[in-house]
Peer 1: 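Dropping a structure here in structure tokens format, bear with me for questions.
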Amino acid sequence: MTLRLYNTATRTKEDFIPLQEGKVGIYVCGVTVYDYCHIGHARSAIVFDVLVRHLRAKGYDVTYVRNFTDVDDKIIERAKLTGKDTGTLAREFIHAFYEDMGALGILKADVEPRATEHIDGMIEMIAALLERGHAYVSGTDVYFSVESYKGYGQLSGRKLEDMKAGSRIAVDEHKRHPMDFVLWKAAKPGEPRWDSPWGPGRPGWHLECSVMSNCYLGPTFDIHGGGRDLLFPHHENERAQSVCANGGEFARYWVHNGFVTVESEKMSKSLGNFLTIRDALKEYLPEVLRLFLLSKHYRGPLDFSKSDVQSLQAGLVRIYRTFQRMDELFGSSPGVSDADSGSPFLDRFVEMMDEDLNTGGAIGLIFEKVREMNRVMDAAEGGLDQETRVALEKDRQQILEAGRTLGLFRERPADFFARLADLSPRIDPHEIENLIEQRRVARSQKNWAAADAIRDRLKGMGIVLEDGPRGTTWRLDV
RNA sequence: GGCGGCAUAGCCAAGAGGCUAAGGCAGCGGUCUGCAAAACCGUUAUUCACCGGUUCGAAUCCGGUUGCCGCCUCCA
């Protein structure tokens, strides 16, 4: 089966055929490390994490490159504000990035280069662009000339003439064309600087991705990813530089993820709805966020609303409850040889994922499977025969397999529910156990009124009781 | 002003020419239970923003209308 990917460059879904059979090179624009990552960064990271996992599950040998932008105007500005030097600031937020993304189960990329490690390569690329007539020195800076590249605008689907007419482009006397962009920027006093043939300064933002992708993946590679907003100007500029300097095709498939809004509003610091990953993790479990962010197709916009996240949480709870029920029924893992191939469920799952990463549809499949498993367990009230046990375990293994691609179901059910309970710190297990014991006594005397009063009291505390054959258990009402 | 996207039940969301329009959440009825909870069963869109067109056949393709949204400036 062939993966089909929507290619922003052609605006159509295409069969994914890698440059070299069996191998995939993918470059994803990472973050600028001057602040904590927000839920939008999380979506992007998860989308490409899932893309890479899916490619690997399909047997591809993937080289995944994701950069850190650790020199940039915003970092310099933030460093000034906090009195730190830019290197320290960048290191701190790279550390925070790993903490946040690690919590969300996002795998590390194979190569995670930092812009400041590739200054030499950037200087070389600027020299090459100057030599080929695609760049010019103006004052203390070096600019890329967009008019020197006839393909400029092709990727994002715009024409230079249209952009010239746009009123939002600031006129800059140093530029030959308003859309020309800086390749090398002279350092002002106190700013980080590197020596170059054009004087001390720092590279322009777009340059690093051109240099690093070329360094690790070559002048032509398979997939380039990033947020929708990076399409223009960043990706357009990146492509222009790379094609002009290296002569390759640059990226063959462009994959862009849609934006996250919060309660229907775009995240912005002025609105105060800037939701960081670490804040979101105070309220929701990592897998709840992950499931939520994957519940909708990656290309569309996604609104992060409390009620929608909670409805996905309720669904995830049901899935884990099913796993827990199996554990109770026959221990944590009876061990099933996964040798037997031929799984209609996994075939359908892969088929869904192959269709431009239809994670929403794939999740639907998982829920159907979960219902089927519960049905089987309901039916086998008296006890499970060996055949049924094996079938159930096989089902579980298949869901876990699908979960490995989505980065879900990594927890043991007991841990999942414990962590869920930990998010509500107000509860006192001793008090609850005590009340349950009182209720047990009342129930044994068939004093239903007293028993129900206790249950109502716990209900008011957000605790739900479940009376089972082996006594009463409690859980948080979710 | 330029370019692009989206509109499917109470909410979220798959489906991209033809089997009864996935799935989740919420609701309602039922099985189970002392009563509940959980789980399961049933139920909730004769219809996919609106109007035309193409077709034997359209939620899916084409044109138009309306309404949201994004990018065009640093941004995942």
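Each chain gets a letter, A, B and so on, in the order the sequences are listed, and its residues count up from 1. Treat the numbers as computed from the prediction; the structure is a model and nothing was measured.
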Peer 1: State, yes or no, whether a side-chain contact exists between A:Met267 and A:Ile39 at a heavy-atom distance under 4.5 Å.
Peer 2: yes
Peer 1: Heavy atoms under 4.0 Å, any strand shown: does A:Phe259 hit a base, just sugar-phosphate, or nothing?
Peer 2: base
Peer 1: Do you know which of A:Tyr152, A:Trp184, A:Phe181, A:Tyr149 makes ring pair (Phe, Tyr, Trp, His ring centres under 6.0 Å) with A:Phe144?
Peer 2: A:Phe181
Peer 1: Relative to the 5' end of RNA chain B, which residue comes earlier, A:Pro233 or A:Ala451, by the nucleotide with the nearest heavy atom?
Peer 2: A:Ala451
Peer 1: Short of 4.0 Å, heavy atom to strand atom, which residues of residues 94-111 of chain A count as contacting RNA chain B?
Peer 2: none
Peer 1: When the P atoms of B:rG64 and B:rG24 are compared, how many Å lie between them, rounded to an integer?
Peer 2: 39 Å
Peer 1: Roughly how far apart, to the nearest Å, are B:rC25 and B:rA13 at atom P?
Peer 2: 16 Å
Peer 1: How long is the line joining CG of A:Asn358 and C1' of B:rA13, in whole Å?
Peer 2: 10 Å
Peer 1: What nucleic acid atoms does A:Val28 come within less than 4.0 Å of, heavy atoms only: base, sugar-phosphate, or nothing?
Peer 2: nothing
Peer 1: Sequence neighbours left out, what passes side chain to side chain contact (heavy atoms under 4.5 Å, CB included) with A:Ser311? Give chain and number order.
Peer 2: none
Peer 1: If you assign each of A:Glu355 and A:Ile363 to its closest nucleotide in RNA chain B, which residue comes earlier from the 5' end?
Peer 2: A:Glu355
Peer 1: Report the residues that fulfil side-chain hydrogen bond (donor to acceptor under 3.5 Å, both in side chains) with A:Arg404, sequence neighbours left out, ordered by chain and then residue number.
Peer 2: A:Glu401
Peer 1: Would you measure the distance from the P atom in B:rC71 across to the matching atom in B:rA76 and give it in whole Å?
Peer 2: 12 Å
Peer 1: CG/A:Leu55 to CG/A:Asp222 distance, rounded to the nearest 0.5 angstrom?
Peer 2: 9.0 Å
Peer 1: Please report, rounded to the nearest Å, how far the C1' atom of B:rU33 is from the CH2 atom of A:Trp448.
Peer 2: 10 Å
Peer 1: State which residues pass side-chain hydrogen bond (donor to acceptor under 3.5 Å, both in side chains) with A:Arg439; sequence neighbours excluded, sorted by chain then number.
Peer 2: A:Asp467
Peer 1: Calculate the interatomic distance between A:Met352 atom CE and B:rA16 atom C1'; express it in whole Å.
Peer 2: 13 Å
Peer 1: Is a donor from one side chain sitting under 3.5 angstrom from an acceptor on the other, for A:Ser343 and A:Gln398?
Peer 2: yes
Peer 1: Please state the P separation for the pair B:rC68 and B:rU31 - nearest whole angstrom.
Peer 2: 48 Å
Peer 1: Using side chain to side chain contact (heavy atoms under 4.5 Å, CB included) as the criterion, list what pairs up with A:Thr2, not counting sequence neighbours.
Peer 2: A:Asp15
Peer 1: Could you list the residues that satisfy side-chain hydrogen bond (donor to acceptor under 3.5 Å, both in side chains) with A:Asp395, not counting sequence neighbours?
Peer 2: A:Lys369
Peer 1: Atom CZ of A:Phe345 to atom P of B:rG23: distance rounded to whole Å?
Peer 2: 14 Å
Peer 1: What's the gap between B:rA45 and B:rC12 when it is taken at their C1' atoms, as a whole Å value?
Peer 2: 15 Å
Peer 1: Could you tell me how far apart A:Ile366 (CD1) and B:rA13 (C1') are, to the nearest whole angstrom?
Peer 2: 15 Å
Peer 1: Specify the separation, in whole Å, of atom CG of A:Leu294 and atom P of B:rA76.
Peer 2: 20 Å
Peer 1: Say you pick atom P in B:rU47 and the same atom in B:rA22; how far apart are they, in whole Å?
Peer 2: 15 Å
Peer 1: When Watson-Crick pairs (N1 to N3 and N6-O4 or O6-N4) and G-U wobble pairs (N1-O2 and O6-N3) count only below 3.5 Å on both distances, what is the dot-bracket string of RNA chain B, with | for other-strand pairs?
Peer 2: ((((((((.[[[..)..(....]]].(((((.......))))).....[[[[[..)....]]]]])))))))....
Peer 1: Using the C1' atom as the reference point in each nucleotide, state the distance between B:rG15 and B:rA7 in Å, no decimals.
Peer 2: 15 Å
Peer 1: In whole Å, I'd like the distance from the CG atom of A:Leu230 to the P atom of B:rC71.
Peer 2: 11 Å
Peer 1: Produce a footprint string for nucleotides 35-40 of chain B: one letter per nucleotide, 5' end first; B if the base is under 4.0 Å from any protein heavy atom, S if only the sugar-phosphate is, - if neither.
Peer 2: BBBSBS
Peer 1: Partners of A:Val182 by side chain to side chain contact (heavy atoms under 4.5 Å, CB included), sequence neighbours excluded?
Peer 2: A:Asp141, A:Tyr143, A:Lys185
Peer 1: Answer yes or no: are there more than 12 heavy-atom neighbours, outside A:Arg412 itself, under 6.0 Å from its atom CZ?
Peer 2: no
Peer 1: Distance between the C1' atoms of B:rA16 and B:rC61, in whole angstroms?
Peer 2: 9 Å
Peer 1: More than 12 foreign heavy atoms under 6.0 Å from CZ of A:Arg348: is that the case here?
Peer 2: no
Peer 1: Give the intermediate values and the outcome of side-chain contact (heavy atoms from CB on, under 4.5 Å) for residues A:Val65 and A:Asn67.
Peer 2: CA-CA 7 Å; A:Val65 182; A:Asn67 71 298; 5.8 Å; no
Peer 1: Reckon A:Lys13 touches a base, only the sugar-phosphate, or nothing at all at heavy-atom distances under 4.0 Å?
Peer 2: nothing
Peer 1: Which part of the nucleic acid, if any, lies within reach of A:His297 when heavy atoms closer than 4.0 Å are counted: base, sugar-phosphate only, or nothing?
Peer 2: sugar-phosphate
Peer 1: Is the shortest side-chain heavy-atom distance between A:Arg239 and A:Trp254 below 4.5 Å?
Peer 2: yes
Peer 1: Kindly write out the residues that satisfy side chain to side chain contact (heavy atoms under 4.5 Å, CB included) with A:Thr82, not counting sequence neighbours, or none if the list is empty.
Peer 2: A:Arg78, A:Lys84, A:Leu89
Peer 1: For A:Ser213, what residues pass the side-chain hydrogen bond (donor to acceptor under 3.5 Å, both in side chains) criterion, not counting sequence neighbours?
Peer 2: none
Peer 1: Within the 4.0 Å limit for protein heavy atoms, which parts of nucleotides 3-12 of chain B are touched? Write it as a string from 5' to 3', B for base, S for sugar-phosphate only, - for none.
Peer 2: SS------SS
Peer 1: Would you mind reading off the distance between A:Leu365 atom CG and B:rA22 atom P, rounded to a whole angstrom?
Peer 2: 14 Å
